[in-house]
Amino acid sequence: MKIIPISLPTPFYIGPVNVYLIAEDPVTLIDTGPKTKAANDALHEGLRKARIRVSDIRRIVLTHAHEDHCGLARSVRDEAKDAEVLVHAWETGHRIGRLEYEEHRTLLVRAGVPPDEIETMRKMYEGVRQYADSFETDEYSELRDEAELEFETGTLRIVHTPGHTPGSCSFVREADRTVIAGDCVLKRITPNPVLSPDPIDPSKRFASLAEYLVSLARLRSFAPTLVHGGHGEPVHDFEELFNRYFRAIRDRQAEVIRLLPKTGAAAWEIAREMFPGADDVHRFLAVSEAVAHLDLAHSEGKIEVEFGDSKEVYRPISAN
Ligand SMILES: [Zn+2]
Ligand SMILES: [Zn+2]
């Protein structure tokens, strides 16, 4: 069972996205690339080189529902004459290219993001949304943790690895400990735990960083020899990367705590201090990162949080 990576261009800052073809029965594509002509052309070219026609594809599996990964899912499915589309049920907050504005707005207000900034972020969502088609709930099947995707000559185990998004999934070939990890594992950058509503209770915020740490530990338990990420080159030394991520997360947490004034601050203020030069999409990612680290520090009893005046104010633990 051969896993064939295909690199596709994206209009996003992150650069090209990796999708993965398994060219045996049932022919399966893991992620599809964004809905652009350039990505669609590159996908067709990649499939042609692997001697596969789009019409051969029977199964489209999504690591998560960000536009750069799921954008072409509908058009591939239609061209493949109703291939099955599979995604984890917790990808609700990003439901296949449809962002839940109202739920996000509430989370951004609570993080202390000013109204004009929220408006800018909303326009940015609108801009990103064109790169993916939406799906209705009855148009896809659910990826279930621990279930297996079977192929002619092997299987991939589905491992739910929330963090980057609530419904992010990885796929493990246990025979040789190869993992396809979407944006859960990226070689050159620490993946962003993106601010998301909790899939079970959308009025709450998803504990993205705490979940992410558990997901990383879970992937580590497979002792991966090779990890195919959603962007960049494959990772051959997962253990080294795992330790690097942990150090980066601890360092960032220490920085966030250091930046907290005694009088307290909202996540937005900390984000602006951490990333003063951030513009457009990066302001959203910056506030996501600040919230994620503040939430984790709070859950570990290292800082206090108080809900007042529509936003949450974080404080260092007061010395008694
Ligand atoms: Zn992503
Ligand atoms: Zn991505």
Side-chain angles (χ1 to χ4, degrees), residues 14 17 30-31 61-70 73 85-100 103-104 107 111 132 135 137 140-149 156-172 179-186 189-222 224 227-231 235 238 241-242 245-246 248-249 252-253 267 284-285 287-300:
I14 189 134
V17 63
I30 300 185
D31 286 345
V61 176
L62 301 173
T63 59
H64 65 300
H66 277 163
E67 289 76 4
D68 47 340
H69 298 260
C70 73
V85 179
L86 292 118
V87 66
H88 193 276
W90 278 13
E91 280 306 84
T92 49
H94 302 264
R95 177 130 36 214
I96 321 288
R98 193 194 312 142
L99 291 157
E100 312 281 353
E103 289 160 5
H104 266 94
L107 298 184
F135 276 86
T137 1
Y140 56 86
S141 316
E142 283 181 22
L143 288 173
R144 291 182 197 279
D145 188 44
E146 287 290 339
E148 287 183 338
L149 297 171
L156 285 176
R157 181 171 298 283
I158 300 164
V159 183
H160 180 208
T161 44
H164 175 66
T165 64
S168 284
C169 282
S170 300
F171 305 93
V172 180
V179 179
I180 297 172
D183 286 356
C184 184
V185 177
L186 302 175
I189 49 171
T190 314
N192 299 95
V194 178
L195 183 63
S196 310
D198 188 292
I200 309 290
D201 177 358
S203 69
K204 290 205 182 109
R205 176 163 74 216
F206 185 63
S208 56
L209 192 51
E211 294 276 356
Y212 182 59
L213 292 174
V214 174
S215 295
L216 279 181
R218 190 153 173 227
L219 284 185
R220 188 192 196 192
S221 72
F222 289 97
V227 183
H228 291 293
H231 304 272
V235 172
F238 180 77
L241 182 123
F242 177 84
Y245 278 5
F246 258 79
I249 290 167
R252 186 43 59 81
Q253 184 182 75
F284 174 69
L285 296 176
V287 76
S288 284
E289 179 136 355
V291 168
H293 284 279
L294 289 162
D295 270 354
L296 185 68
H298 176 242
S299 71
E300 293 175 351

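Heads up: numbering here begins at 1 and tracks the sequence.
Residues passing the side-chain hydrogen bond (donor to acceptor under 3.5 Å, both in side chains) test with S203, sequence neighbours excluded: D201. Partners of H64 under the side-chain hydrogen bond (donor to acceptor under 3.5 Å, both in side chains) rule, at least two apart in sequence or in another chain, are H66, H164, D183. The ring-ring contact (aromatic ring centres under 6.0 Å, His included) check on H228 picks up Y20, with sequence neighbours excluded. Residues meeting the side-chain hydrogen bond (donor to acceptor under 3.5 Å, both in side chains) test with R220, sequence neighbours left out: E239. Not a single side-chain hydrogen bond (donor to acceptor under 3.5 Å, both in side chains) links S299 to another residue, sequence neighbours left out. Not counting sequence neighbours, the partners of E300 by the side chain to side chain contact (heavy atoms under 4.5 Å, CB included) test are R250, Q253, L296, K302.
Each of V179, I180, V227 was scored for a side-chain contact (heavy atoms from CB on, under 4.5 Å) with S170, with one residue passing: V179.
Of the charged side-chain nitrogens involved, none lies within less than 4.0 Å of a carboxylate oxygen, so that D198 and R205 do not count as a salt-bridged pair. Taking the charged nitrogens against the carboxylate oxygens, R218 and E146 do have a contact shorter than 4.0 Å, which makes a salt bridge.
Put simply, the side chain of E91 reaches to within 4.5 Å of the side chain of P166, judged on heavy atoms. Counting heavy atoms from C-beta outward, Y245 and L213 have side chains that stay 4.5 Å or more apart. Annotation: side chain of F284 is in contact with side chain of L195 (closest heavy-atom distance under 4.5 Å). Between I158 and L86, every side-chain heavy-atom pair lies at or beyond the 4.5 Å cut-off. By the 4.5 Å heavy-atom criterion applied to side chains, L107 and P197 are counted as neighbours. You'll find the side chain of I30 reaches within 4.5 Å of the side chain of L156, heavy atoms only.
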* To do: Could you give me the CA-CA distance, side-chain angles and deciding distance for V185 and F242, then say whether side-chain contact (heavy atoms from CB on, under 4.5 Å) is met?
  => CA-CA 9 Å; V185 177; F242 177 84; over 6 Å; no
* **Stepwise side-chain contact (heavy atoms from CB on, under 4.5 Å) test for D295 and L209** => CA-CA 8 Å; D295 270 354; L209 192 51; over 6 Å; no
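With rounding to the nearest 0.5 angstrom, the CD1 atom of I249 is 9.0 Å from the CD atom of E289. If you take CD on E103 and CZ on F206, they are separated by 14.0 Å, rounding to the nearest 0.5 Å. Taking CG of L186 as the start and CG of L241 as the end, the distance is 8.5 Å to the nearest 0.5 Å.
Checked by atom type and distance alone, the side chain of T161 never pairs as donor or acceptor with a backbone atom of S215 at under 3.5 Å. Side chain of S288 to main chain of V194: no donor-acceptor pair is present (N/O by atom type, distance under 3.5 Å, no hydrogens or angles). Side-chain N or O atoms of Y212 include none that pairs as donor or acceptor with a backbone N or O of N192 at under 3.5 Å. Under a 3.5 Å cut-off, the side chain of R157 and the backbone N or O of E148 do not form any donor-acceptor pair.
Minimum interatomic distance between G167 and H160 (heavy atoms only, all atoms of both residues): CA-NE2, 3.9 Å. The heavy-atom pair separating L62 from F171 by the smallest distance is O-CZ, 4.5 Å.
A donor atom on one side chain and an acceptor atom on the other are found under 3.5 Å apart for T63 and D31. In the model, H69 has a side-chain atom that pairs as donor or acceptor with a side-chain atom of H231 under 3.5 Å.
Taking the six-membered ring where the residue is Trp, W90 and H88 present perpendicular rings, their angle passing 60° and hence far from 30°.
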